[in-house]
Amino acid sequence: MTRSGKDYVEGLRDNRRVFVDGEYVSDVAAHPAFKGAVESIARVYDVAHDPANAAEMTFPSPITGAPVNLSFLIPRGEDDLRRRRVALRKTAEATFGLMGRGPEHVAGFLAGWAGRSDVFAAGEQRFADNVTKFYEYVRDNDLYCSYAIVPPQIDRSKPAHQQADPHLYAGVKEEREDGIVVAGAQMLGTGAAISDYLILSCIVPLQPGDEDQAISVAVPIGAEGLKIYSRRSYAEAATSVYDYPLATRFDETDSLIVFDDVFVPWDKVFIFRDRQVTTDQWNRTPAHLLGNNQAQIRFSVKLDLLAGLALRVARMNGSDKFPPVRGVLGELAAHAAMVSGLVYAQEQNCEVDEKGVAWPGREECYATMTLQSDFYPKLLHLVRDLVGGGVIQLPSSAADFGNEEARADFERYVQSPGHPTVERVKLLKLVWDLVGSEFASRHQQYEMFYAGAPFLVKSRMSQIYDFSRAEALVDGALAGYDLGGRTETVQA
Ligand SMILES: Cc1cc2nc3c(=O)[nH]c(=O)nc-3n(C[C@H](O)[C@H](O)[C@H](O)COP(=O)(O)OP(=O)(O)OC[C@H]3O[C@@H](n4cnc5c(N)ncnc54)[C@H](O)[C@@H]3O)c2cc1C
């Protein structure tokens with residue numbers, strides 16, 4: 001059944017080896033680098049656990065009958081995708097679309113895998129059974145999975161097995177009777193430090209000889225030998241919630257994951273040394289679509305926030321009626337509406353496969369992924385253009401208000417009609433944390449790369465798009481004329 005935020009936080013107290021600023025963290029829930037994000041994820045859990053939201057955000061577990069989070073639903077048609085979207089939108093609103101890899105993200109991947117566990121049976125039937133059992137376990141216990149599915153950037157010109165050491169990229173080091181031993185590293189475990197399980201697999205194409213990396217396994221975050229090297233925490237560096245309202249609360253953190261001979265029992269192995277199934281788990285199941293459909297529902301919430309903030313600042317500055325400013329607001333609004341529309345279209349254009357599982361519309365899902373890496377930085381630029389120097393001409397920190405002389409000057413010069421200084425500064429600091437701070441900059445990198453390097457996403461789109469309908473038009477256009485002029489029948 002669904003967990004409360006408190007249950008989630010208690011579950012984090014294990015033997016995890018999370019490393020930040022030169023030391024291992026004994027309790028992530030209490031450490032300033034992670035505390036804010038843990039509290040926000042706890043809120044996410046509380047929202048779905050609230051009986052008032054049960055109808056909208058849960059469904060009965062087919063095993064226990066208890067309410068479980070809708071992010072785990074294996075959709076069977078358009079209605080299920082719609083229900084899922086309503087729940088996922090509410091989930092994303094709890095963090096304003098600013099936590100990309102909360103529990104609901106990998107939940108979609110697991111649902112996609114479990115819905116088509118037959119794909120894993122191509123390896124061995126026991127792997128398909130493992131996928132189903134793990135999905136049911138995570139769903140019924142409302143656990144938080146993160147994932148690391150990209151090898152670290154060491155030498156991109158060589159496949160895994162040709163790297164200086166064949167165990168640089170995470171993969172099988174030893175096969176035992178009771179399981180496998182995994183060694184190497186994988187990037188970039190967003191949320192890994194504050195999750196319950198990590199899924200290790202590989203989404204980049206593997207070459208013959210890379211079989212050790214052709215795996216998919218689940219590892220508890222507290223597993224012996226698993227090490228989580230967090231990047232710098234923006235939350236910890238922030239002076240106060242007022243100064244950095246987003247970094248302090250929604251910095252989900254990203255980590256390099258090191259497997260120092262981690263033992264994985266067979267029941268947590270879904271793919272073993274099988275390049276074909278490693279590819280098929282992304283393409284022949286709806287996992288990648290369901291995960292990215294959720295990511296785009298989350299993204300649309302963030303775009304609404306961006307548009308809303310732009311409007312508020314323009315209004316505060318008295319520029320909201322200027323035609324060029326209306327134009328900028330319109331452009332922001334158009335992008336927000338476009339992403340929402342593409343999400344709706346994924347529901348409408350879903351395909352139900354031979355196992356009765358609904359796949360969100362592919363073209364619309366990949367089109368959003370393709371475009372967002374280009375337009376998100378542009379939208380940030382539009383907001384920066386709109387807010388000008390206002391986001392810079394601000395008190396150095398909330399502490400400045402404690403000085404009477406400084407406060408009097410701020411009250412006189414850093415205010416707008418109807419917006420006393422503390423309110424004006426509050427709004428502009430929020431904008432800066434979304435468009436300009438280190439947290440904002442990481443978000444830009446995230447939106448550009450979370451679905452893979454942009455050139456790869458674009459190339460994938462070119463494979464998915466139905467060019468036959470485009471080519472039919474080209475043929476039609478060419479058929480209408482020749483050297484002698486029009487060949488088509490025309491009305492006299
Ligand atoms: C903030 C953030 C969070 C992330 N969270 C996660 C996560 O939770 N889990 C996870 O598994 N991954 C995560 N990722 C990793 C993400 O999946 C990768 O960044 C992405 O797959 C791209 O790989 P890369 O960064 O190694 O870039 P690379 O593959 O090294 O590409 C970088 C650039 O190099 C150039 N390039 C590389 N190869 C070629 C080529 N063959 N031809 C032409 N140009 C090339 C392109 O310009 C490309 O954009 C995250 C990334 C970011 C930035």
Side-chain angles (χ1 to χ4, degrees), residues 18 37 41 97-110 144-160 162-163 168-171 184-207 213 215-219 221 226 228-235 246-247 250-259 278-279 281-282 287-288 291-292 294-295 298-299 302 366 369-370 372-374 376-377 380 437-462:
V18 175
I41 295 290
L98 294 165
M99 295 185 92
R101 299 281 156 92
E104 68 283 6
H105 181 67
V106 174
F109 279 81
L110 293 174
Y144 176 3
C145 295
S146 53
Y147 64 8
I149 54 176
V150 179
Q153 281 182 342
I154 294 174
D155 181 353
R156 285 276 183 261
S157 73
K158 294 194 180 84
Q162 283 174 17
Q163 298 291 322
L168 284 180
Y169 293 180
Q186 203 79 328
M187 68 190 268
L188 187 60
T190 300
I194 58 170
S195 66
D196 301 308
Y197 267 88
L198 181 96
I199 307 290
L200 165 69
S201 192
C202 191
I203 196 166
V204 302
L206 291 169
Q207 308 297 324
Q213 281 70 33
I215 56 173
S216 188
V217 301
V219 182
I221 295 294
L226 191 76
I228 297 172
Y229 288 97
S230 175
R231 63 152 164 78
R232 162 190 161 75
S233 159
Y234 314 133
L246 304 180
F250 307 121
D251 183 13
E252 56 194 335
T253 73
D254 313 282
S255 302
L256 172 74
I257 312 292
V258 172
F259 297 80
T278 303
T279 305
Q281 68 180 327
W282 314 114
H288 200 243
N292 283 294
Q294 177 278 329
R298 188 264 325 152
F299 186 50
K302 185 179 180 181
Y366 285 102
M369 272 185 250
T370 298
Q372 83 175 71
S373 59
D374 285 340
Y376 186 67
L380 294 184
S437 69
E438 197 172 4
F439 174 85
S441 187
R442 178 266 175 197
H443 260 264
Q444 177 171 341
Q445 203 72 1
Y446 180 78
E447 303 298 359
M448 287 172 69
F449 276 93
Y450 79 75
F455 79 95
L456 274 178
V457 178
K458 287 175 186 172
S459 141
R460 193 143 193 214
M461 179 67 204
S462 76

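Note that ligands are numbered from 1 as they come in the structure, with each ligand's atoms numbered from 1 the same way. We count residues from 1, following the sequence as given.
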Any nitrogen or oxygen of D254, side chain or backbone, less than 3.5 Å from one on ligand 1? no
N/O separation below 3.5 Å, Y446 to ligand 1: no
Just to confirm my output: which protein heavy-atom neighbour is closest to [atom], and how far is it?
atom: atom 16 (C) of ligand 1; value: F449 O, 3.5 Å
atom: atom 6 (C) of ligand 1; value: L188 O, 2.8 Å
atom: atom 9 (N) of ligand 1; value: Y147 O, 2.9 Å
atom: atom 11 (O) of ligand 1; value: I149 N, 2.7 Å
atom: atom 4 (C) of ligand 1; value: T190 OG1, 3.3 Å
atom: atom 31 (O) of ligand 1; value: A453 CB, 4.0 Å
atom: atom 36 (N) of ligand 1; value: F455 CE2, 3.6 Å
atom: atom 8 (O) of ligand 1; value: R101 NH1, 2.8 Å

Donor-acceptor pair, [X] side chain versus [Y] backbone, under 3.5 Å?
X: Q207; Y: A160; value: no
X: T370; Y: Y366; value: yes
X: N292; Y: H288; value: yes

Would you call [X] and [Y] a salt bridge, taking side-chain N to carboxylate O under 4.0 Å as the test?
X: R232; Y: E438; result: yes
X: K458; Y: D374; result: yes
X: E447; Y: R442; result: no

Verify whether the ring centers belonging to Y234 and H443 lie closer than 6.0 Å. no
Criterion ring pair (Phe, Tyr, Trp, His ring centres under 6.0 Å) on H105 and Y144, from CA distance to verdict: CA-CA 9 Å; H105 181 67; Y144 176 3; over 10 Å; no
Please check atom 47 (O) of ligand 1 for a protein heavy-atom neighbour under 4.0 Å. no
Compile the donor-acceptor pairs under 3.5 Å between side chains in residues 184-191 and protein atoms, sequence neighbours left out, one pair per line.
residue: Q186; atom: NE2; partner: S201; partner atom: O; Å: 2.8
residue: T190; atom: OG1; partner: D254; partner atom: OD1; Å: 2.6

Are R231 and F439 in a cation-pi contact, defined as NZ or CZ under 6.0 Å from the six-membered ring centre and within 45° of the axis? no
Going by the order shown, which atoms of ligand 1 are within less than 4.0 Å of some heavy atom of [X]?
X: Q445; answer: 53 (C)
X: Q153; answer: 24 (P), 25 (O), 26 (O), 27 (O), 28 (P), 30 (O)
X: A148; answer: 11 (O)

For atom 25 (O) of ligand 1, the option (of Q186, R442, M187) bearing the nearest heavy atom: M187
